[in-house]
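Below: one structure, written as structure tokens.
Nothing here was measured: the structure is a model prediction, and the numbers come from that model. Only heavy atoms go into these numbers, but all of them, side chains included; no hydrogens, no water, no symmetry mates. Numbers restart at 1 for each chain; the letters A, B, ... are given by sequence-line order, proteins then strands.
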Number of protein chains: 2
Amino acid sequence: MTSTLKDTNNIVRAYVSGSCTPQAKSGGWGIVLIRTGKRLEKQGSVAHTTSNQMALTAAINALEIIKKNNSDKQIIVTTVSKYVVDGITQHIKSWKLNEWKNSNKKPVLNKDLWIQLDELNQSMDVNWLRGDKTQEELVKSESLARDARAIKKH
Amino acid sequence: MTSTLKDTNNIVRAYVSGSCTPQAKSGGWGIVLIRTGKRLEKQGSVAHTTSNQMALTAAINALEIIKKNNSDKQIIVTTVSKYVVDGITQHIKSWKLNEWKNSNKKPVLNKDLWIQLDELNQSMDVNWLRGDKTQEELVKSESLARDARAIKKH
RNA sequence: UGACACCAAUUGUC
DNA sequence: GACAATTGGTGTCA
């Protein structure tokens, strides 16, 4: 049979979330990676950050892990963050053309993170999905991110 | 003796509470009015409402009764609802300036009730107090509100 | 002006 | 512990 869908064994799914307490500027990220029944969870914390930066960082960490292991696979990254999905799939094209100025002609924020994410994105077969908050894996990635806020790095 | 406190005889105290069963959307409000030993209790029920609407309605009913009888008195309204106290003493100023949008840029809910309450509030000498759940009169107003839920209007 | 995410607080009900 | 009503704030984009 011909099909545009690839073999499920060849798909890696990443569910990524960020979290941040604005007052304390204490952030965390969480990811859930799934391939053919195998599941990997990971989390991390960052000080002096924002919720948007954590969402970007979660995606970057997921893609970095995948790149080290399964760079030939098709990847589906799911996140609830419209900021990340729209940014990496649409806005980044304009930003590159307009010297990283946004529609108000102000500098695009978090440029360094966007560039990291873009390089990973272009080096592999990555598909971006806006997820539903009720999805089990997204809920899990969110709680990993939230828990990570309090975890001290060592 | 000089004192900033007015003659107790000139103070009307109102204790107001709301209550609502979300499933049945059946709400009730209860008020206890006290002036120089005289005490008035009143309650009412409303269908298809919310707990916040009932808290507002309780305050509105109390002030309306007072206005009809003792509009020259100093009034102290006590409620356990931070929603009501903060709204009428602080947030409503911003709402008027921002065309009734809240800090999330969403329309302020229960606008009609807030306007009713604001008009009563401005037409008399009203002071707002956040009450402690254990105060006897507040406990009474709460039970009036809860009882009223089941009462059929006639 | 709109959208999305994140955080926090209070009340009420079960 | 879970849901509904509501509010305040910050980070970001178009």
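Atom pair A:Lys105:NZ and D:dA14:C1' shows a separation of 14 Å (rounding to whole Å applied). Following rounding to the nearest Å, B:Leu138 (CG) and C:U11 (C1') show an atom-to-atom distance of 13 Å. To the nearest angstrom, P of D:dG9 lies 12 Å from CD of A:Gln23. Taking atom OH of A:Tyr83 as the reference point, atom C1' of D:dT10 lies 13 Å away to the nearest angstrom. Atoms NZ (B:Lys111) and C1' (D:dT7) sit 18 Å apart, rounded to a whole Å. Rounded to a whole Å, the CG atom of B:Asn110 is 17 Å from the P atom of D:dA4. Summarising the geometry, the separation between NZ on B:Lys82 and C1' on D:dT6 is reported as 12 Å, rounded to the nearest angstrom. Remark: P of C:C6 and CH2 of A:Trp29 are 17 Å apart, rounded to the nearest angstrom.
Between B:Gln43 atom CD and B:Trp29 atom CH2 the span is 8.0 Å, to the nearest 0.5 Å. We find the CD1-CD1 distance between A:Ile34 and A:Ile76 to be 11.0 Å, quoted to the nearest 0.5 Å. Annotation: the span from A:Ile66 atom CD1 to A:Asn61 atom CG amounts to 11.0 Å, rounded to 0.5 Å.
Taking 4.5 Å as the limit, some side-chain heavy atom of B:Leu113 sits within range of a side-chain heavy atom of B:Gln53.
Contacts between residues 84-101 of chain A and DNA chain D, counted as heavy-atom distances below 4.0 Å, involve A:His91, A:Trp95.
B:Lys140 has no carboxylate O lying under 4.0 Å from a charged side-chain N of B:Glu136, or vice versa, which leaves the two without a salt bridge.
Between B:Asn52 and C:U11 there is no side-chain N or O to OP1 or OP2 distance below 4.0 Å. Remark: A:Thr50 is in phosphate contact with D:dT12, judged by side-chain N or O atoms under 4.0 Å from OP1 or OP2. Contact check, A:Gln53 against C:C6: no side-chain N or O comes under 4.0 Å of OP1 or OP2. Between C:C7 and A:Arg146, a contact under 4.0 Å exists linking OP1 or OP2 to a side-chain N or O. One finds a side-chain N or O of A:Arg149 lying less than 4.0 angstrom from the OP1 or OP2 phosphate oxygen of C:C7. At least one side-chain nitrogen or oxygen of B:Ser19 sits closer than 4.0 Å to the OP1 or OP2 atom of C:U13.
At a cut-off of 3.5 Å, with distance as the only test, a side-chain donor of A:Thr134 or A:Asp132 sits close to an acceptor on the other residue.
Using a 4.0 Å heavy-atom cutoff across all strands shown, B:Ser103 reaches at least one base atom of the nucleic acid. Counting any heavy atom pair closer than 4.0 Å across all strands shown, B:Lys25 reaches no nucleic acid atom. Across all strands, A:Asn104 comes closer than 4.0 Å to no nucleic acid atom at all (heavy-atom distances).
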Requested in this report: Could you go through the ring pair (Phe, Tyr, Trp, His ring centres under 6.0 Å) check for A:Tyr83 and A:Trp114 one step at a time?
Outcome: CA-CA 11 Å; A:Tyr83 175 65; A:Trp114 283 116; 5.3 Å; yes
Query raised in the report: Do A:Ser17 and A:Leu144 pass the side chain to side chain contact (heavy atoms under 4.5 Å, CB included) test, and can you show the C-alpha distance, the side-chain angles, and the key distance before you say yes or no?
Result: CA-CA 8 Å; A:Ser17 293; A:Leu144 285 169; over 6 Å; no
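Residues A:Thr21 and B:Lys106 both approach RNA chain C. Their nearest nucleotides, taken by heavy-atom distance, put B:Lys106 toward the 5′ side. Positionally, the nearest nucleotide of RNA chain C for A:Arg130 lies more toward the 5' end than for the other of B:Cys20 and A:Arg130.
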